[in-house]
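The structure appears right after this line, and notes come after that.
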Amino acid sequence: MWRSGVLLVLVAAAAVFADEHSHTYKEEEQVVLWMNTVGPYHNRQETYRFFSLPFCHGPQSSIDHYHETLGESLQGIELEFSGLDIKFGVDKPQEKFCEIELSNDETFKALEYSVKNHYWYQMFVDDLPIWGIVGDVQKGQDASDEYYIWTHKKLEFGFNGNQIVDVNLTSEAKVKLAPGAKIVFTYQISWKKSSVLFVKRFEKYLDPNFFQHRIHWFSIFNSFMMVIFLIGLVSMILMRTLRKDYARYRRDEEIDDMDRDLGDEYGWKQIHGDVFRSPAYPTMFSAIIGAGAQLGLVCLCVILMAIVDDLYTGRGSIMNAAILVYAATSPVNGYFGGSMYFKFGGKEWIKQMLISAALIPSIVCGFTFLINFVAIYYHASRAIPFTSMLAVFTICLFVVLPLTLSGTVLGRSVSGRASYPCRVNTVPRPIPEKKWFMEPLAIALFGGILPFGSIFIEMYFIFTSFWAYKIYYVYGFMLLVFIILVLVTICVTIVCSYFLLNAEDYRWQWTSFCAAASTALYVYFYSFYYFFFKTKMYGFFQTSFYF
């Protein structure tokens, strides 16, 4: 008997979700309208469950929605059934679906606060997003603010064959909010044939006038010219200055120091015996290099996947892709970090491997864990469930860690042997005093300016899409900017290392890394400018999530 009951439940669930997954419907088949979240328009990340406000459900029986993917859960997507009776291809005249009474002060103030702070809400139909505004603020006769709520939802569906290709929401019938008032909510459904193809139904949400503006192309051209200049500079340094000296040191390696002509020794040539000395904190350095190599590959793979598969069309798709690619590329982390650590002569390779595997997950999860307390305190939908945290921890423990271990072993056996062109001196050479701008810290700070200059315009488009309700879809631009950033960063680190070695300072490893990493510092500084001058965000919740 219980088997028949379970089978009945599964069949009923399949009837609800199958069409939404396949995106095909039969005539008069139920179409599910999901209510997602509601929150202040100016605070993109401050979202709450739709029914956390005193809204009411439709007459249809409730349907539970589970997080279909890990990405949905991590992004705070909370789908709840609206209860509206919508059938494919069937028009419905204006009809009441529920009524609320502002009988207590708490209900009235909740709706008044939502209208005052320009609350908006999001819905989904067949994976198509719909946005609406809760209410409107108008000036009364005495110049005081009066708050109105939209009570009528007019949904217009476009269909092509047996598929939904378009949906529009029109909010009508404003009702003034007042204590004790009864508010009736109504809805209306209309269907019309559309010539829009199913594969192009998301194009209406894109903004080509914004993303394909001339300044976007100009920024690419400007960055490309910067790359040419830097490559020319690096080529001049390597081809004209270093090639002959490098060949000479390899040829004279066996010659006794007393027989060499030291008359032209200056700059970096004085410290050629210390250049390949292991850096300070080699375990952490190799772990950072391995994690950085993996992170760069993850970015490249996700961008390519977004170009090929239009990941922006699916809820949580980019997050899912990033988690999948990060886990799959863990051997890259172990290979580069492990091989570098063995070249430094390290012996505690297990410690290094554990640090490499845990470095990025611990930083990301640590900050996420902290701001999750903020989301929990505010009862926001952004609060990540414990099960999702457990899923991420499981992936790190049973996928990322073993793959990092395999990469470390492979890197140790394949490229873990050091093959330096000259011997490393037993006694470190004293580092002479130099001008302030040749100090490693100054070089590192200056080094991030050019890479940031090559991407800051693209950062504006990315920030705007993330914080201002625009869907970023020009991943071809992002790929070009990513390649330019990599090339500029390579050139800048080479030039910074050359300047430091010319000052007879052989601490180039950390300086080279920090010169590239300081780009992130400038991006963080730019985020302050964007927050204060390009947005209207407010409140502790949004500020903590932003920074």
Side-chain angles (χ1 to χ4, degrees), residues 45 67 69-77 281-303 305-306 311 316-341 346 348-376 382-412 466 482 513-514 516-517 519-521 523-524 527 544-547:
Q45 267 58 49
H67 289 116
T69 64
L70 182 60
E72 280 189 351
S73 178
L74 295 177
Q75 290 184 336
I77 296 175
Y281 311 106
T283 303
M284 180 58 68
F285 182 80
S286 57
I288 291 175
I289 295 301
Q294 180 189 7
L295 195 60
L297 183 60
V298 169
C299 293
L300 178 61
C301 291
V302 172
I303 292 173
M305 292 172 66
L311 294 181
S317 297
I318 294 180
M319 180 72 73
N320 291 328
I323 294 174
L324 174 64
V325 174
Y326 180 82
T329 56
S330 296
V332 175
N333 184 346
Y335 181 87
F336 285 97
S339 61
M340 179 168 291
Y341 182 69
E348 300 177 334
W349 66 274
I350 296 180
K351 177 182 176 181
Q352 186 275 331
M353 183 271 298
L354 292 175
I355 294 176
S356 293
L359 185 61
I360 293 180
S362 61
I363 294 175
V364 174
C365 294
F367 280 103
T368 303
F369 188 73
L370 291 177
I371 63 175
N372 200 51
F373 280 112
V374 179
I376 293 173
R382 293 285 172 177
I384 301 175
F386 175 76
T387 53
S388 300
M389 294 183 180
L390 186 61
V392 173
F393 177 77
T394 302
I395 293 173
C396 293
L397 184 62
F398 294 103
V399 179
V400 174
L401 185 60
L403 291 179
T404 305
L405 173 61
S406 63
T408 302
V409 174
L410 182 63
R412 176 184 181 183
F466 196 73
F482 178 77
F513 170 79
C514 293
T519 305
L521 186 63
V523 172
Y524 189 63
S527 70
S544 62
F545 267 72
Y546 182 90
F547 292 107

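Note that the structure is a prediction, hence the values are computed from the model and not measured. Residues: numbered from 1 along the sequence shown.
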- Task: Please lay out, stage by stage, how Y341 and E348 fare under the test side-chain contact (heavy atoms from CB on, under 4.5 Å).
- Result: CA-CA 9 Å; Y341 182 69; E348 300 177 334; 3.6 Å; yes
Locate the shortest heavy-atom distance separating [X] from [Y]; write the atom from each residue and the value.
{"X": "F482", "Y": "G296", "value": "CZ-O, 3.6 Å"}
{"X": "A327", "Y": "L403", "value": "O-CD1, 3.1 Å"}
{"X": "V374", "Y": "S544", "value": "CG1-OG, 3.7 Å"}
{"X": "S388", "Y": "L74", "value": "CB-CD2, 4.3 Å"}
{"X": "N333", "Y": "A291", "value": "OD1-N, 3.3 Å"}

Heavy-atom distance under 4.5 Å between the side chains of [X] and [Y], does that happen here?
{"X": "F369", "Y": "M389", "answer": "yes"}
{"X": "V325", "Y": "M305", "answer": "yes"}
{"X": "V409", "Y": "L405", "answer": "yes"}
{"X": "I395", "Y": "L70", "answer": "yes"}
{"X": "L410", "Y": "P331", "answer": "no"}
{"X": "R382", "Y": "N372", "answer": "no"}
{"X": "L401", "Y": "L354", "answer": "yes"}

- Is there a side-chain contact (heavy atoms from CB on, under 4.5 Å) between I355 and M284 once you walk through the steps? CA-CA 7 Å; I355 294 176; M284 180 58 68; 4.2 Å; yes
Donor-acceptor pair, [X] side chain versus [Y] backbone, under 3.5 Å?
{"X": "S73", "Y": "T69", "answer": "no"}
{"X": "Q45", "Y": "Y546", "answer": "no"}
{"X": "Y326", "Y": "V400", "answer": "no"}

Atom pair [atom1] ([X]) and [atom2] ([Y]), whose distance is rounded to the nearest 0.5 Å:
{"X": "M353", "Y": "T404", "atom1": "CE", "atom2": "OG1", "answer": "7.5 Å"}
{"X": "I303", "Y": "L311", "atom1": "CD1", "atom2": "CG", "answer": "11.0 Å"}
{"X": "I363", "Y": "T368", "atom1": "CD1", "atom2": "OG1", "answer": "11.5 Å"}

- Item | With sequence neighbours excluded, residues passing side-chain contact (heavy atoms from CB on, under 4.5 Å) with Y524 |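 Listed in chain order: S527, F528, F547.
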- Message: Could you check whether atom CZ of F336 has more than 12 heavy atoms from other residues, nucleotides or ligands sitting under 6.0 Å from it?
- Response: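 Count not over threshold, so no.
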- Message: Using the rule given for side-chain contact (heavy atoms from CB on, under 4.5 Å), can you reason through T408 versus S356, listing the C-alpha separation, both sets of side-chain angles and the distance that settles it, and then say yes or no?
- Response: CA-CA 10 Å; T408 302; S356 293; over 6 Å; no
